[in-house]
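One structure below.
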Protein chains: 2
Amino acid sequence: MFLDRLDKAILRTLQADCSISNVKLADKVGLSPPACLKRVQRLHRERVIDRQVAILNPLKLGGVLHLVVEVYMERDQKHLNDDFVRRVQQTPQVKECYQVTGEVDFVLIIDVPNMADYELLCEELLYSHANMKSFKTLISMNRVKYDTQMVVEERD
Amino acid sequence: MFLDRLDKAILRTLQADCSISNVKLADKVGLSPPACLKRVQRLHRERVIDRQVAILNPLKLGGVLHLVVEVYMERDQKHLNDDFVRRVQQTPQVKECYQVTGEVDFVLIIDVPNMADYELLCEELLYSHANMKSFKTLISMNRVKYDTQMVVEERD
DNA sequence: CGTGAAATATGTATCGT
DNA sequence: ACGATACATATTTCACG
């Protein structure tokens with residue numbers, strides 16, 4: 001699927017703020033509202049725009065603890081790791097999961113209200129998994145940056 | 001700021017999908033559209049809702065490499081680390097930054113199109129920083145989960 | 001918080017380039 | 001194939017009870 005200069009301008013704008021009306025967006029990128037709307041609908045249909053979401057401020061909701069967890073697996077067997085991935089995807093406290101190359105197999109980003117909840121989660125998700133060898137937890141009480149935007153380059 | 005059952009229902013809904021119209025949102029949480037709108041506006045004003053954004057699909061934009069980087073600092077001097085944080089915040093490829101306790105000082109989540117770009121970024125951001133001792137890079141070509149939602153508990 | 005009405009925005013149809 | 005204009009429908013938003 002080809003994205004021209006206008007599609008990219010739309011994507012950059014909506015990544016920064018999707019609460020903008022189609023009329024304002026159209027004006028910003030230099031199109032009529034219907035022409036702009038057709039492009040936005042196509043970007044949704046083609047799943048270039050995956051979803052539109054509200055980002056909440058953790059500090060206004062009682063605050064959270066962020067955990068960065070490096071997970072080491074016993075054996076690199078696909079079906080065992082696929083099972084782990086499925087469990088990760090079903091666990092709402094796990095916000096992100098990266099399958100990585102090298103010594104470590106997975107990196108998880110986990111949000112919980114406190115350490116007691118994290119310890120419970122470790123039991124359910126990690127210790128109970130047959131193929132999990134070990135894991136290392138890094139604790140953060142301060143998320144200094146959280147940016148959901150991708151770089152959409154200027155040129156076609 | 002107090003959030004009641006209705007505010008929380010609104011937050012849960014908008015976190016999952018903020019492209020929904022205010023009319024549908026109002027219907028879903030059981031309010032009239034104006035009453036619902038006033039709450040949403042207040043949640044924005046009070047910065048409980050930080051922003052509304054479009055999440056793009058990296059696979060539809062040429063694909064990206066995700067890097068998890070553990071950064072070790074030389075000395076724990078506030079002004080030196082604050083300077084590092086400022087540079088991190090100004091670098092668009094750095095998507096997330098966690099200040100962590102223990103051996104490691106910061107964990108970065110970085111998105112780049114390829115390793116050559118990552119190496120350039122390391123020069124600019126890491127090697128060139130006076131207080132940076134060392135760093136360890138974990139490479140991921142597969143982000144298995146990416147969830148921006150926070151858990152907003154049911155009870156008041 | 002709800003109702004009703006005015007102001008905006010979205011979405012469709014059609015035409016022109 | 002794509003954008004603009006005009007028009008119909010829907011939504012947002014304000015005033016009032």
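Computed from a predicted model, the values in this text were never measured in an experiment. Any value given below was found using the heavy atoms of this structure, including those in side chains, with hydrogens, waters and symmetry copies removed. Every chain is numbered from 1, with letters handed out A, B, ... down the list of sequences.
- One can place CZ of A:Phe2 at 11 Å from P of D:dC2, the figure rounded to the nearest angstrom.
- Nearest to the side-chain atoms of B:Ser21 among the listed nucleotides D:dG3, C:dT10, D:dT11 stands D:dT11.
- Atom CG in B:Leu25 sits about 16 Å away from atom C1' in D:dA10, given to the nearest Å.
- Taking each heavy atom of B:Met1 and B:Val48 in turn, the nearest pair found is SD-CG2, 3.5 Å.
- Nearest to the side-chain atoms of A:Val23 among the listed nucleotides C:dA9, D:dA4, D:dT11 stands C:dA9.
- Nucleotide C:dA9 holds its P atom 14 Å from the CG atom of B:Leu37, rounded to whole Å.
- Distances were taken from every side-chain heavy atom of B:Asn22 (C-beta onward) to each of D:dA4, C:dT10, D:dT12; the shortest belongs to D:dT12.
- Follow the hydrophobic side-chain contacts under 4.5 Å out from A:Ile109 and you never reach A:Leu126; the two are in separate clusters.
- Checked against D:dG3, D:dA4, C:dG2, the side chain of B:Leu31 finds its nearest nucleotide in C:dG2.
- Going from atom CE of A:Met1 over to atom P of D:dA1 covers 14 Å, rounded to whole Å.
- In summary, the aromatic rings of A:Phe84 and A:Phe106 are positioned with their centroids under 6.0 Å apart.
- The side chain of A:Pro34 has C:dT12 as its nearest neighbour among C:dT12, D:dT13, D:dG3.
- Inter-residue side-chain proximity for B:Lys24 and B:Pro33 is flagged as unmet; no heavy-atom pair is nearer than 4.5 Å.
- Taking atom NZ of residue A:Lys38 and atom P of nucleotide C:dC15, one finds them 14 Å apart after rounding to whole Å.
- Aromatic ring centroids of A:Tyr127 and A:Phe135 lie under 6.0 Å apart.
- Heavy atoms of A:Arg39 sit under 4.0 angstrom from primed sugar atoms or phosphate atoms, though from no base atom.
- One interatomic measurement links the two molecules: NZ of A:Lys24 to C1' of D:dT11, which rounds to 14 Å at whole-angstrom precision.
- Taking atom CG of residue A:Asp7 and atom C1' of nucleotide D:dG3, one finds them 13 Å apart after rounding to whole Å.
- One can place CD1 of B:Ile20 at 15 Å from C1' of D:dT12, the figure rounded to the nearest angstrom.
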